Amino acid sequence: MATEEIQQEEQPATTTATGESSPQVYINQLSKHVGAEVTLRGWLYNLRSSGKLLFPQLRDGTGVVQCVVFKKAVAEEVWDALKNLGQESALSIRGTVRADERAPGGFEVDVVGAEVLHAVEGYPITPKEHGTEFLMDHRHLWLRSRRQHAILKVRHTVVRAVRDFLDNDNFTLADAPVLTPAACEGTTTLFEVDYFNDEKAYLTQSGQLYNEATAAAFGKVYCFGPTFRAERSKTRRHLTEFWMVEPEMAFAHLDDVMNLAERFVSSIASRVLEERQEELKVLERDTSKLELIVPPFPRLHYDDAVKMLHEGHERGELDARFEWGGDFGAPDETYISKQFEKPVMVHRYPAAIKAFYMARDPERPELALGVDVLASEGYGEVIGGGERATSLEFLEEQIKAHELPREAFEWYLDLRRYGSVPHAGFGMGIERCTAWMCGIEHVRETIPFPRMLYRIRP
RNA sequence: UGUGGCGUAGCCAAGCGGUAAGGCAUCGCACUGUUAAUGCGACCAUCGCAGGUUCGAUUCCUGCCGCCACAGCCA
């Protein structure tokens with residue numbers, strides 16, 4: 001909150017038509033102006049009336065405040081302009097700030113003057129209930145609603161927490177390209193675009209391989225940007241375009257990644273709790289669940305996770321019996337995470353189901369040194385990562401075994417020819433993390449303009 | 001892509017073989033403390049599209065389109 005207050009200093013005073021002036025302020029700054037006359041600029045959120053009284057609620061992006069208009073306190077043309085004003089009309093209001101227990105935000109503004117900048121008729125999103133399709137079609141307007149506003153403010157804090165945590169931990173931002181020449185894991189889940197000279201390029205799925213190059217240059221790095229998956233998945237956890245932050249550390253092992261992941265996730269949760277109490281209240285988030293997100297997180301070996309799933313099946317809490325060797329499905333992940341109050345870190349998955357670049361467990365080569373962080377409350381996988389293989393020969397074999405085009409990986413293999421060291425990292429999806437922090441059902445509300453299987457507009 | 005569900009006014013929604021409730025929004029009137037204000041009045045519908053069954057279809061059947069949930073895959 002403190003940094004925001006610095007950014008949102010008063011704007012220069014504006015002069016009204018009658019020559020009077022008062023400082024231009026934002027709604028979240030009203031507490032500093034109690035008793036003073038101020039000018040607010042914003043949009044009409046709602047309007048109630050009672051005889052010679054009007055209660056316009058003004059929204060300016062920083063908050064919503066109820067204003068009070070007494071018919072006798074304003075010029076007749078002001079009263080007439082306000083009394084039938086439509087929702088989302090743009091206006092400037094001049095009035096005196098007053099602390100009032102009856103007001104939701106604690107303050108009210110007694111209006112002495114107002115100027116309608118744009119009168120609106122027929123704003124489609126009313127204060128009543130709407131269906132998903134209607135709201136998604138009006139996403140450009142839906143963003144103005146209190147709940148959406150709260151979610152995106154939490155997202156903003158998640159992003160800041162991510163950057164601050166890594167920057168303060170000596171990570172260097174070294175972004176990976178969005179356009180990439182080849183696929184690391186087949187082309188079926190990649191968006192293809194035309195490059196020059198009949199060449200094909202693909203939108204990145206992950207900055208992973210490039211991170212390994214920058215980690216060898218800077219030691220500890222991260223990339224943070226949009227990633228794209230052309231998966232035909234239609235669930236509450238999937239977007240085709242989402243933002244991912246991927247830290248990578250040279251001279252690091254699986255345990256280092258797990259230590260980093262739990263500190264990282266905990267710092268995000270505590271930052272959200274610290275800065276976004278108002279928003280969490282709007283979202284009716286049970287904040288006691290977020291307060292539990294502190295290190296250490298339970299660490300669960302894949303073998304033990306499988307045992308846990310077998311017990312769940314025997315108790316009839318899971319339909320299918322899980323077979324060792326497979327990847328967890330959504331119901332499996334939910335079951336595992338429900339056994340703990342905190343996020344769980346599941347490590348050492350069968351190598352067969354993990355990416356080609358994963359390092360193997362020296363004691364059990366059939367296992368990969370990978371880790372997934374399963375969020376609490378059934379929010380599923382928010383982090384996936386692990387230790388990378390260091391041996392040139394091993395990677396050459398893996399590329400062959402996965403039937404990947406060797407030429408495309410020559411630059412990557414160079415990283416094993418010139419100063420190859422143990423290194424490890426992970427990726428975290430910003431939208432999944434934000435949905436978890438907010439306690440909301442679907443990731444589509446955690447990004448301003450979601451891109452999904454059947455949704456690319458607006 | 002598979003399974004299940006749903007498409008009725010600008011929005012939400014009841015009706016499920018006999019000719020379209022109710023609420024919100026909008027418009028008008030009343031009200032000096034409203035909190036999704038309230039009260040009274042007004043306005044708003046080729047019941048997703050195309051066929052079929054029937055004396056008669058929003059209702060039953062078939063196909064198509066759209067949306068939602070779940071699954072696979074993943075962050």
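Chain letters run A, B, ... following the sequence lines, proteins first and then strands; every chain starts at 1. Worth saying up front: this structure is predicted, and the values here are computed from it rather than measured.
In this structure, a donor-acceptor pair under 3.5 Å is present between the side chains of A/Q148 and A/E445.
Using a 4.0 Å cut-off between charged side-chain N and carboxylate O, A/E381 and A/R432 make no salt bridge. Salt bridge annotation for A/E248-A/R388: present, with a cationic side-chain nitrogen under 4.0 angstrom from a carboxylate oxygen. We find that A/K342 and A/E262 are not joined by a salt bridge, their nearest charged nitrogen and carboxylate oxygen being 4.0 Å or further apart. Look at A/D256 and A/K220 and you find no salt bridge, because none of the NZ, NE, NH1 or NH2 atoms lies under 4.0 Å from a carboxylate O.
Toward the 5' end of RNA chain B, the nearer of the two residues A/R98 and A/S49, judged by each one's closest nucleotide, is A/R98.
Residue-level contact check: A/Y123 touches neither bases nor backbone, having no heavy atom under 4.0 Å from any strand. Using a 4.0 Å heavy-atom distance criterion, A/K71 is classed as making no nucleic acid contact. At the heavy-atom level, A/R444 lies under 4.0 Å from the strands shown only through sugar-phosphate atoms. Using a 4.0 Å heavy-atom distance criterion, A/G86 is classed as making no nucleic acid contact. Note on A/L239: a base of the nucleic acid sits closer than 4.0 angstrom, heavy atoms only. Among the heavy atoms of the strands lying under 4.0 Å from A/E133 are primed sugar atoms or P, OP1, OP2 only; no base atom is included. Among the atoms of the strands shown, only primed sugar atoms or phosphate atoms (P, OP1, OP2) are found under 4.0 Å from some heavy atom of A/F134. Backbone-only contact: A/M244 has heavy atoms under 4.0 Å from sugar-phosphate atoms and none from a base. Among the protein residues, A/D372 comes within range of no part of the nucleic acid, since none of its heavy atoms lies under 4.0 Å from any strand. When heavy atoms are screened at a 4.0 angstrom cut-off, A/G122 is found touching no nucleic acid atom at all. Residue contacts shown for A/Q66 include a base, since a base heavy atom lies under 4.0 Å away.
Of the P atoms belonging to B/A50 and B/A42, the separation is 34 Å, rounded to the nearest Å. For the C1' atoms, the distance linking B/A14 with B/A9 amounts to 14 Å, nearest Å. The C1' atoms of B/U58 and B/A21 are separated by 14 Å, rounded to the nearest whole Å. Rounded to whole Å, the P atom of B/A57 lies 13 Å from the corresponding atom of B/A20. For the C1' atoms, the distance linking B/C43 with B/U26 amounts to 8 Å, nearest Å. Taking atom P in both B/A25 and B/G66, one finds a spacing of 33 Å when rounded to whole Å. Atom C1' of B/A36 sits at a distance of 13 Å from the matching atom of B/C12, rounded to the whole Å. When the P atom is used for both B/C44 and B/C6, the distance is 31 Å, rounded to whole Å.
Between A/Y454 and B/C65 there is no side-chain polar atom (N or O) within less than 4.0 angstrom of OP1 or OP2. A sub-4.0 Å separation between OP1 or OP2 of B/G10 and a side-chain N or O of A/H138 is absent. At B/C74, none of the side-chain N or O atoms of A/R229 fall inside 4.0 Å of OP1 or OP2 (strictly under the cut-off).
Here the nucleotide nearest the side chain of A/V68, chosen from B/G33, B/A69, B/C68, is B/G33. Which of B/A36, B/G28, B/C68 sits closest to the side chain of A/N84 comes down to B/G28. Each of B/C70, B/G28, B/U32 was ranked by its minimum atom distance to the side chain of A/R236; first place goes to B/C70. The side chain of A/F70 sits closest to B/G33 out of B/A71, B/G33, B/A75.
With hydrogens and angles left out, the side chain of A/R237 and the base of B/C70 share no donor-acceptor pair within 3.5 Å. Side-chain atoms of A/E108 and base atoms of B/G33 include a donor and an acceptor less than 3.5 Å apart. With hydrogens and angles left out, the side chain of A/H130 and the base of B/C12 share no donor-acceptor pair within 3.5 Å.
Around atom NZ of A/K354, more than 12 heavy atoms belonging to other residues, nucleotides or ligands sit under 6.0 Å away. Atom CZ of A/R457 has 12 or fewer neighbouring heavy atoms from other residues, nucleotides or ligands inside a 6.0 Å radius.
Here B/C31 presents its C1' atom at 14 Å from NZ of A/K83, a figure rounded to the nearest Å. In this structure, CD of A/Q87 is placed 9 Å from C1' of B/A25, rounded to the nearest angstrom. In this structure, A/D319 places its CG atom 18 Å from P of B/U3, rounding to the nearest Å. Rounded to whole Å, atom C1' of B/G72 lies 14 Å from atom CD of A/E381. The interatomic distance linking A/H238 (NE2) with B/U1 (P) rounds to 16 Å, in whole Å. If you take CE of A/M136 and C1' of B/C67, they are 12 Å apart, rounded to a whole angstrom. Per the geometry, CD belonging to A/E333 stands 11 Å off C1' belonging to B/C73, to the nearest Å. Rounding to whole angstrom units, CD of residue A/E121 and C1' of B/G10 are separated by 13 Å.
Shortest non-hydrogen contact noted between A/G207 and A/A176 is CA-CB, 3.6 Å. Residue A/I151 comes nearest to A/T446 through the heavy atom pair CG2-CA, 3.8 Å, listed as atom of the first residue, atom of the second, then distance.
A stacking contact between A/F55 and B/G33 is absent: the pair does not combine a ring-centre distance of less than 5.5 Å to the base's six-membered ring with planes differing by less than 30°.
Between A/F328 and A/Y349, the distance separating the two ring centers is shorter than 6.0 angstrom.
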**Item:** Pairing annotation in dot-bracket form, given for RNA chain B with Watson-Crick or G-U pairs under 3.5 Å and | for cross-strand partners
**Value:** ((((((((.[[[..)..(...]]].(((((.......))))).....[[[[[..)....]]]]])))))))....
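Aromatic ring orientation, A/Y412 versus A/F409: perpendicular (interplanar angle above 60°, classes split at 30° and 60°).
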